[in-house]
Peer 1: 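Pasting a structure below so you can have a look.
In this text, all values refer to a predicted model and were calculated from it rather than measured experimentally. Scope of the values below: all heavy atoms of this structure, side chains included, with no hydrogens, waters or symmetry mates. Indexing begins at 1, ligand by ligand and atom by atom, following the structure's order.
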Amino acid sequence: MTKRAKGAVRGIVQGVGFRPFVYQLARRYHLAGYVSNTAQGVDVEVEGPESDLPRFFDDVRSESPPLAHIRSLEWEEIPVLNETGFVIRMSRGGAERSALISPDVCTCPDCLAEMRDPSDRRYRYPFINCTNCGPRYTIIMDIPYDRAATSMKKFEMCPACRKEYDDPDSRRFHAQPNACWDCGPKVTLRNGAGEPVVCPDPVSGAISLLTEGGILAVKGLGGYHLAVDAADHKAVIRLRRRKHREEKPLALMVKDLETAREIARLNETEARLLASRERPIVLLGKRRFHGLSPQISPRNTDFGLMLPYTPLHYLLMEGPYKALVMTSGNMTEEPVTIDNGAALEVLGRIADYFLTHDRDIYLRSDDSVLRVTDGVPRQIRRSRGYVPVPIFLSEALTDLPSVLAVGGELKNTVCLTKENRAFMSQHVGDMENLETLSFFEQTIAHLRRILEIRPRVLAHDLHPDYLSSKYAKSQKELPTQAVQHHHAHIVSCLAEHGVQGPVLGVALDGTGLGTDGHIWGGEVMLADLASFERKAHLDYAPLPGGDAAARHPWRMALAYLDRAYGDALFDLDIPFVERIDDQEARMVLQMIRKGVNTPLVSSCGRLFDAVSALLCLRHRIAYEGQAAIELDMRQNRKATGRYPWRTGRDEGCLVLLTDDVVRAIVDDISKGVSAGIISRRFHRTLIHMMSEVVCRIGEETGIRAAALSGGSFQNATLLKGMTRTLTEKGFTVYSHARVPPNDGCIALGQAVCAGMSVRGIEH
Ligand code: ZN
Ligand code: ZN
Ligand code: FE
């Protein structure tokens with residue numbers, strides 16, 4: 001008997017070849033009806049033998065195209081219309097736009113094969129793509145996702161491309177960025193002044209310049225990269241000098257997994273992540289004889305590696321080098337440059353040549369960075385390839401009001417929520433200059449437009465001086481809600497796991513303003529999504545000079561020594577004391593004792609800094625977190641033992657006293673114990689101290705779940721150690737994976753927390 005059914009598919013189902021897939025499936029079953037994009041997703045109506053309909057919808061779910069992500073598929077019977085034939089109906093704009101947009105995706109195997117086939121009409125075409133691959137988020141201005149709403153609108157398709165675009169049997173049916181040599185964007189090679197370089201093929205021209213040691217700015221998906229041959233030591237040094245990037249590791253691109261294995265150690269999970277269609281940078285242990293410049297990541301045991309993700313990258317990687325440095329095309333601490341004019345001006349000071357093209361990037365997006373810890377890929381910087389896939393919150397939060405959360409100060413991202421979906425932006429960066437602020441504003445405007453979310457509340461950090469907090473305060477039309485930094489960390493971890501707490505939240509972090517006016521960062525809190533109570537913290541230490549102390553770890557070491565020894569610190573027989581400048585040290589001690597520009601901190605990050613400086617690993621840092629990273633990497637993993645610590649109390653809050661730890665470290669140093677052993681013992685101490693305290697509070701409160709967040713949990717030893725210890729003690733332990741543990745997660749936590757408090761008022 002003939003029946004008709006109407007189905008609604010929700011999720012990432014637009015711009016991913018979903019309609020032609022449904023069309024082909026319907027024809028396979030000989031069903032009549034139609035499929036169409038709507039503002040919410042895809043609607044399907046099919047008519048045919050009763051028994052075929054459920055099978056058809058099962059297949060829609062199970063056979064959907066690679067880039068599709070179905071969140072829900074519901075269908076019901078409707079009256080029969082006695083139609084014949086199946087059609088794809090044209091898009092129509094709707095009132096509510098909740099269809100999800102796909103992130104940018106690396107070139108698919110089919111397109112690669114065509115690009116390498118001399119008989120194909122797109123042979124060596126640097127912008128080849130299809131519905132299964134290519135740019136999305138970075139070229140979309142608006143939704144529904146149609147060519148006119150992308151940066152491809154200025155390229156009119158030639159008859160051959162148009163034919164593919166209109167043919168439901170083609171892999172390029174409605175592939176919005178579809179293009180070819182005749183009609184699409186073109187690559188040009190330019191010199192540092194922006195003048196075209198005359199050469200038969202810009203790509204081979206660029207390859208020769210790179211092999212000669214040139215610095216090349218390459219326009220990619222989400223911005224420019226600066227490229228040099230990674231084995232060319234002089235070129236790497238020149239790039240570092242021109243970019244004012246002293247020591248922070250530079251990302252590498254290699255042409256395939258085999259080459260990746262030659263320079264780094266990777267297991268199966270890491271190989272799969274490296275080759276995934278998101279194509280992130282993956283942090284991997286260096287091999288000893290990698291053959292690349294030692295300046296790629298000096299004093300660091302890792303390389304950040306990625307594989308090519310655009311056709312242009314594949315062409316460029318045909319050059320005779322093992323790896324290219326592909327670092328983001330900006331001056332240090334400024335956002336990635338995307339505009340051609342601006343690129344020339346800013347990057348012209350760094351790059352010798354430009355490999356550029358005429359397809360605009362609407363929204364910049366840096367490469368994402370992940371590391372595999374405990375067998376799980378974990379975000380460090382969630383950006384290109386992942387954004388704008390939402391984080392789905394617990395179903396119980398579907399009635400949360402829409403919130404715009406503006407994030408923190410460093411590693412800023414923003415977050416917009418709609419029902420139980422939280423859309424996190426790409427990495428915006430450190431909010432320390434006007435360029436980043438304007439990128440931040442553009443990102444907010446763009447996300448609001450393409451997601452059509454009208455937030456009802458603005459969430460921001462408790463710190464009033466952050467540029468993001470000031471922005472929130474200046475938006476007069478919306479109520480604002482301040483969220484404590486470390487509570488935001490813990491809530492973000494809970495939100496990622498779809499749980500509501502209460503949990504014991506362990507926030508080990510750099511810095512964030514606390515509710516007592518001091519700076520926090522080594523906290524144990526009893527928290528749920530809406531509120532928290534501080535239960536324990538690292539003891540306060542002075543932060544002489546505020547932010548300057550974070551850049552000069554030796555000041556932190558001095559502060560801890562002063563607390564443990566007073567003036568006797570100058571009699572200590574350790575290299576650190578010999579090395580510090582006496583006059584500078586006395587000046588810093590004056591600041592500490594008089595309390596001039598010296599806030600108090602309970603930060604785990606600063607404690608790491610102090611130990612790193614005490615061991616003379618780092619007196620000064622060239623990038624954020626460097627002292628802690630080098631301390632971590634120095635660990636002698638076979639070392640045993642740990643240092644003594646005690647607890648005190650402060651108004652009902654447990655205080656973890658670290659003076660004994662500092663004294664024991666000084667003893668070890670004077671006995672000539674190696675930095676590697678001391679570093680290991682320090683890590684073991686921190687793990688022991690924090691898990692003991694969590695257990696103690698767990699007993700008091702009866703809570704058996706813990707959440708770990710904060711930048712210090714990028715440290716694999718801490719993450720693994722805390723997870724193992726607490727799990728053994730019977731705790732359920734939540735840690736970050738899809739969202740970074742660092743301040744890139746703050747916006748998510750702010751959004752959920754502010755949403756909860758507003759919902760609380762309305763209920
Ligand atoms: Zn493709
Ligand atoms: Zn064409
Ligand atoms: Fe933080």
Peer 1: Report the residue from Q714, Q379, K411, H489 that forms a side chain to side chain donor-acceptor pair (under 3.5 Å) with N742.
Peer 2: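 Exactly one candidate clears the test, Q714.
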Peer 1: Is a side-chain donor-acceptor pair under 3.5 Å present for H736 with E496?
Peer 2: yes
Peer 1: Just to the nearest 10 degrees, tell me the angle at the Zn ion (ligand 1) spanned by C133 SG and C130 SG.
Peer 2: 120°
Peer 1: How wide is the angle at the Zn ion (ligand 2) between SG of C158 and SG of C183, to the nearest 10°?
Peer 2: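 The two atoms subtend 120° at the Zn ion (ligand 2).
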Peer 1: Among the N, O or S atoms of D743, which one sits nearest to the Fe ion (ligand 3)?
Peer 2: OD1
Peer 1: Got a sec: is H486 within less than 2.8 Å of the Fe ion (ligand 3) via an N/O/S atom?
Peer 2: no
Peer 1: Are any of the side-chain nitrogens in E164 or R122 under 4.0 Å away from the carboxylate oxygens of its partner?
Peer 2: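 Judged by the 4.0 Å cut-off on N to carboxylate O distance, E164 and R122 do form a salt bridge.
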Peer 1: So what does the H489 NE2 - the Fe ion (ligand 3) - H485 NE2 angle come to, to 10°?
Peer 2: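 It is 100°, given to the nearest 10°.
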Peer 1: Given side chains that start at C-beta, do those of M525 and L504 come closer than 4.5 Å, heavy atoms only?
Peer 2: no
Peer 1: So which N/O/S atom does D509 have closest to the Fe ion (ligand 3)?
Peer 2: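 Nearest N/O/S atom: OD2.
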Peer 1: How open is the angle at the Zn ion (ligand 1) from atom SG of C111 over to atom SG of C108, rounded to 10 degrees?
Peer 2: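 Roughly 110°, rounded to 10°.
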Peer 1: State, without any angle test, whether S469 and D461 hold a side-chain donor-acceptor pair at a distance under 3.5 Å.
Peer 2: no
Peer 1: Vertex the Zn ion (ligand 2): angle to SG of C161 and SG of C180, to 10°?
Peer 2: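 About 100°, to the nearest ten degrees.
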Peer 1: What residue among S602, S603, S709 forms side chain to side chain donor-acceptor pair (under 3.5 Å) with E523?
Peer 2: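 Considering S602, S603, S709, a side chain to side chain donor-acceptor pair (under 3.5 Å) with E523 is found only for S602.
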